[in-house]
Number of protein chains: 2
Amino acid sequence: MAMIELSLTDVTACCAPLTREPLEADNADALARSLKALADPARLRLISMVAAHEGAEACVCDLTEPLGLSQPTVSHHLKVLVDAGILTREKRGTWAYYSLVPGALDSLAGLLRTV
Amino acid sequence: MAMIELSLTDVTACCAPLTREPLEADNADALARSLKALADPARLRLISMVAAHEGAEACVCDLTEPLGLSQPTVSHHLKVLVDAGILTREKRGTWAYYSLVPGALDSLAGLLRTV
DNA sequence: AGCACATATCGATGAGCGTCAATGTATGGC
DNA sequence: GCCATACATTGACGCTCATCGATATGTGCT
């Protein structure tokens with residue numbers, strides 16, 4: 001079934017920063033979904049490892065061992081981040097290369113900013 | 001038992017933005033805890049309602065009815081936000097007034113920024 | 001003292017999630 | 001065609017968490 005995949009673009013397009021005006025229930029849901037995708041130590045480390053990797057992209061095989069989690073678990077976390085619009089996946093041959101979606105994290109940061 | 005209450009100040013004091021260098025496991029844990037506190041629709045709405053309320057503070061009685069959740073649930077969410085260092089609680093008479101901790105959200109936003 | 005009100009805490013319940021082992025699906029090389 | 005490698009999916013287990021009703025704590029008023 002098609003799950004919500006555009007929560008990030010949805011919410012970052014529509015909303016004023018959190019502290020400007022009361023958040024509607026729907027927008028709160030969308031923003032919470034995006035933040036939930038971020039709110040896991042393994043996923044935070046994955047993001048920073050991908051960003052710091054050469055070429056700003058990395059395949060699962062680059063990430064599994066340094067993270068210390070099983071390959072299925074890493075794949076699961078990467079899928080969550082892709083579905084949240086934070087990472088992209090590009091398959092080249094046998095490998096799947098993940099990289100940051102430009103501006104995705106900055107959009108979220110903008111929603112939290114109060115100044 | 002004393003739970004971790006300073007995760008926010010901890011992590012925002014120590015770390016470069018997520019995408020500058022690979023995140024250590026401990027820092028990832030601390031940042032994830034802060035984001036988890038934020039990653040709930042009810043808590044996001046509470047934050048924005050408090051910020052938008054007159055005087056930039058609000059008591060539980062101001063928040064329960066518009067949120068549509070029971071009073072114990074609202075109290076619970078507010079406690080989570082206070083423990084995470086995002087809100088402060090000030091008791092005046094019968095009422096408990098909650099307000100934003102200045103700079104807390106901005107520190108988190110700064111960690112997500114990539115530019 | 002006694003009552004009404006505001007808020008916090010407790011205990012229980014149900015849903016969601018992180019993790020893994022096992023299995024499935026491609027892709028490339030021999 | 002066959003095997004090895006890279007990754008995704010499935011199913012299950014345990015733990016965390018959001019929510020509520022019930023109850024406790026505290027404050028002000030009469």
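Lettering of chains follows the sequences in order, A, B, ..., and the numbering in each one begins at 1. The structure presented is a predicted model; accordingly, all values stated were derived computationally and were not measured.
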ask   = With sugar-phosphate meaning primed atoms plus P, OP1 and OP2, does A/Lys91 contact a base, only sugar-phosphate, or nothing at under 4.0 Å between heavy atoms?
value = nothing
From CD1 (B/Ile86) to OG (B/Ser99), nearest 0.5 Å = 13.0 Å
request  = Respond yes when some side-chain nitrogen or oxygen of A/Arg89 is under 4.0 Å from OP1 or OP2 of D/dA8, and no when none is.
outcome  = yes
remark   = Between CZ of B/Arg92 and P of D/dG28 the distance, given in whole Å, is 13 Å
ask   = Between D/dT19, D/dC7, C/dA22, which nucleotide has the shortest distance from any of its atoms to the side chain of A/Ala96?
value = D/dC7
ask   = How about A/Glu24: does its CD atom have over 12 heavy atoms from other parts shown lying under 6.0 Å from it?
value = no
Any A/Ser75 side-chain nitrogen or oxygen under 4.0 Å from OP1 or OP2 of D/dA8 = yes
inquiry  = So if I take every side-chain heavy atom of B/Thr94 and compare against C/dT19, C/dA8, D/dG28, which nucleotide ends up nearest?
reply    = D/dG28
ask   = With distance as the sole criterion, do the side chain of A/Gln71 and the base of D/dA6 form a donor-acceptor contact below 3.5 Å?
value = no
query = Are OP1 or OP2 of D/dA18 and a side-chain N or O of B/His76 less than 4.0 angstrom apart?
reply = yes
ask   = Just to confirm, is there a sub-4.0 Å distance from OP1 or OP2 of C/dT19 to any side-chain nitrogen or oxygen of A/His77?
value = yes
message = Expressed as a whole number of angstroms, how long is the span from B/Lys79:NZ to C/dA6:P?
response = 22 Å
inquiry  = I need the A/Leu81 CG to A/Leu38 CG distance, nearest 0.5 Å.
reply    = 7.0 Å
key: Distance test, side-chain N/O of B/Arg43 to OP1/OP2 of D/dA18, below 4.0 Å   = yes
task = Would you tell me if any nitrogen or oxygen in the side chain of B/Thr73 comes within less than 4.0 Å of OP1 or OP2 on D/dA18?
result = no
query = Are any of B/Ser70's side-chain N or O atoms less than 4.0 Å away from OP1 or OP2 of D/dC20?
reply = yes
task = Rounded to the nearest angstrom, tell me the gap between atom CZ in B/Arg45 and atom P in D/dT19.
result = 11 Å
key: Ring-face cation of B/Arg92 near B/Tyr97 (centre distance under 6.0 Å, axis angle within 45°)   = yes
inquiry  = Rounded to whole Å, please give me the gap between CD in B/Glu65 and P in C/dA6.
reply    = 13 Å
request  = For B/Trp95 and D/dC29, give me the distance from atom CH2 to atom C1', rounded to whole Å.
outcome  = 11 Å
note = Ranking A/Cys61 and A/Lys36 by the position along DNA chain D of their nearest nucleotide, the one closer to 5' is A/Cys61
query = Would a distance-only check, ignoring hydrogens and angles, find a side-chain to backbone donor-acceptor pair under 3.5 Å from A/Lys36 to B/Ala39?
reply = yes
Interatomic distance, A/Leu81 CG vs C/dG18 P [rounded to whole Å] = 10 Å
Under-4.0 Å side-chain N/O to phosphate OP1/OP2 contact, B/Tyr98 with C/dA6 = no
key: B/Asp83 CG to B/Arg89 CZ distance, which is reported to the nearest 0.5 Å   = 11.0 Å
remark   = Whole-Å distance, A/Leu78 CG to C/dT19 P, equals 12 Å
message = In whole Å, I'd like the distance from the CG atom of A/Leu67 to the P atom of C/dT19.
response = 9 Å
